Amino acid sequence: MVKRNEMEKEFKLKWFDIVLTEYDSLRNESANALQHQQSIINYGLTAIGVLIAFGANLWAKDHIVESLFIFFIPFLCNLIILIWNGEVRRMSRAGQYIKLIEDKINRQISKEANIPELALEWETYLRRPKKTTSILKSENWLQRIINSITSFFSFLFKDNEERNNKIKSNYIAIIIMFGVLSILSIFLGFGNNYSIFFKNSSLTGVELFHSWVLEEFKLITVYVICFVIDIFCFIYHYRYFNRVKK
């Protein structure tokens, strides 16, 4: 009987070791995913800055600048958010499973040692419902503006599944930042095309604009289509992020 009790104790200790090893492994994976997110943003912004600087040097001199602003920079912005979203999802999966491990360990400790306090509860704490009043007090003016904008456009991003946790405003700001960069880039492409036409034309005012629309109608149509596609892509990125369990 004594030998059996010792075997049970040894088995329980090994069980805790195995579970804690998995816990540490997932903690490292979550930290790596967060680090990759930061690297993706940093390298992405650097690449976009280089492309914008290159385009500025050739402004109103070559139509290649339009391809840069209309196609390459928006494509790069979408690619960055797509990869970044994958890392966010990876971190979320790790966090969800870490919470299960925390619940498992806490139940076992409560059962064996009769300790009411939770031993591990970080991921549980992050997913705990927060009172609205405390949220409003902790938010700064930038977070309130972002939340107001996202609430106003909530009909585009409506999700049927209720969530206890609140989507972090800084994550939403990253998506908005690259979305705005992409849209502004397309407008710069329009501006470059108009500037080249303006340099080679003797017209002015409304006549110049009307002549530009007529002569560049096909190209403008393609650019408008790219603009609409870009907007829908970032709506998709937002909705994808919104579906990730935090």
Side-chain angles (χ1 to χ4, degrees), residues 37-38 40-56 58-60 63-89 92 142-161 163 166-197 209-210 212-246:
Q37 291 171 39
Q38 295 170 346
I40 290 166
I41 298 300
N42 292 336
Y43 289 131
L45 288 175
T46 301
I48 291 171
V50 170
L51 291 175
I52 290 175
F54 176 76
L58 295 177
W59 181 262
H63 285 287
I64 192 174
V65 177
E66 294 165 34
S67 300
L68 184 68
F69 285 125
I70 299 290
F71 301 110
F72 288 105
I73 292 179
F75 173 78
L76 183 59
C77 288
N78 279 278
L79 183 63
I80 290 167
I81 290 299
L82 188 65
I83 298 173
W84 175 83
N85 252 333
E87 291 298 323
V88 171
R89 195 177 188 104
S92 174
L142 179 59
Q143 289 173 322
R144 292 184 183 182
I145 291 174
I146 293 172
N147 290 336
S148 299
I149 293 172
T150 53
S151 298
F152 180 78
F153 291 104
S154 60
F155 68 94
L156 291 174
F157 316 121
K158 188 175 180 181
D159 195 347
N160 294 327
E161 183 181 0
R163 288 178 174 76
K166 184 176 178 290
I167 296 177
K168 294 183 178 180
S169 298
N170 56 335
Y171 280 10
I172 300 174
I174 289 173
I175 297 175
I176 293 174
M177 176 182 67
F178 279 98
V180 170
L181 278 174
S182 182
I183 290 171
L184 287 177
S185 176
I186 294 176
F187 279 117
L188 287 174
F190 277 103
N192 182 77
N193 185 283
Y194 183 80
S195 297
I196 293 175
F197 187 84
F209 182 79
H210 183 69
W212 172 66
V213 172
L214 290 178
E215 290 194 23
E216 302 289 343
F217 180 76
K218 292 183 179 179
L219 202 58
I220 292 173
T221 302
V222 173
Y223 292 170
V224 169
I225 292 172
C226 291
F227 176 77
V228 173
I229 291 174
D230 189 60
I231 290 176
F232 277 104
C233 283
F234 274 92
I235 291 175
Y236 165 79
H237 294 317
Y238 186 96
R239 288 180 64 86
Y240 180 88
F241 169 79
N242 206 18
R243 286 196 298 268
V244 174
K245 292 182 179 179
K246 310 300 184 297

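Along the sequence shown, residues are numbered consecutively beginning with 1. Owing to the predicted nature of the structure, the values given are computational and were not obtained by experimental measurement.
Ile83 approaches Ile40 most closely through the heavy-atom pair CG2-CD1, 3.4 Å. Heavy-atom minimum distance, Val213 versus Ile220: CA-CD1, 3.9 Å. Here the shortest heavy-atom pairing between Thr46 and Asn42 reads OG1-O, 2.8 Å. Gly44 approaches Ile80 most closely through the heavy-atom pair CA-CD1, 3.3 Å. In terms of heavy atoms, Ile70 sits closest to Gly189 at CD1-CA, 3.8 Å. When every heavy atom of Ile81 is checked against every heavy atom of Ile175, the shortest pair comes out as CD1-CA, 4.1 Å.
To the nearest 0.5 Å, atom CG of residue Asn78 and atom OG of residue Ser182 are 5.5 Å apart. The OG atom of Ser185 lies 8.5 Å from the CG atom of Asp230; values are rounded to the nearest 0.5 Å. Annotation: the span from Leu79 atom CG to Cys233 atom SG amounts to 11.5 Å, rounded to 0.5 Å. The CZ atom of Phe232 sits 11.0 Å away from the CZ atom of Phe227 when rounded to the nearest 0.5 Å. Expressed to the nearest 0.5 Å, how far CD of Glu216 lies from CD1 of Ile196 amounts to 9.0 Å. Taking CD1 of Ile231 as the start and CD1 of Ile186 as the end, the distance is 7.5 Å to the nearest 0.5 Å.
More than 12 heavy atoms of other shown residues, nucleotides or ligands fall within 6.0 angstrom of atom CZ in Phe197. For Tyr194, the OH atom counts as densely surrounded, since its 6.0 Å shell holds more than 12 non-hydrogen atoms of other residues, nucleotides or ligands.
Between Leu219 and Tyr223, some side-chain heavy-atom pair lies under the 4.5 Å cut-off. Looking at Leu181 and Ile73, their side chains never come closer than 4.5 Å, going by heavy atoms from C-beta outward.
Note: Phe190 and Phe69 fail the aromatic proximity criterion, with ring centroids not under 6.0 Å apart.
Between Phe234 and His237, the ring-plane angle classifies as perpendicular under the 30° and 60° cut-offs. Note on ring orientation: taking the six-membered ring where Trp is involved, the planes of Phe241 and Trp84 are parallel (angle under 30°, cut-offs 30° and 60°).
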Next item on the list: Show your working on side-chain contact (heavy atoms from CB on, under 4.5 Å) between Phe178 and Leu45 and close with a plain yes or no.
Entry: CA-CA 9 Å; Phe178 279 98; Leu45 288 175; 3.8 Å; yes
Notebook entry, point to check: For Trp59 and Leu188, what are the C-alpha separation, side-chain angles and deciding distance, and is it a side-chain contact (heavy atoms from CB on, under 4.5 Å)?
Noted result: CA-CA 9 Å; Trp59 181 262; Leu188 287 174; 4.3 Å; yes
Item checked: Derivation of the side-chain contact (heavy atoms from CB on, under 4.5 Å) call for Ile48 and Leu76 -> CA-CA 8 Å; Ile48 291 171; Leu76 183 59; 3.7 Å; yes
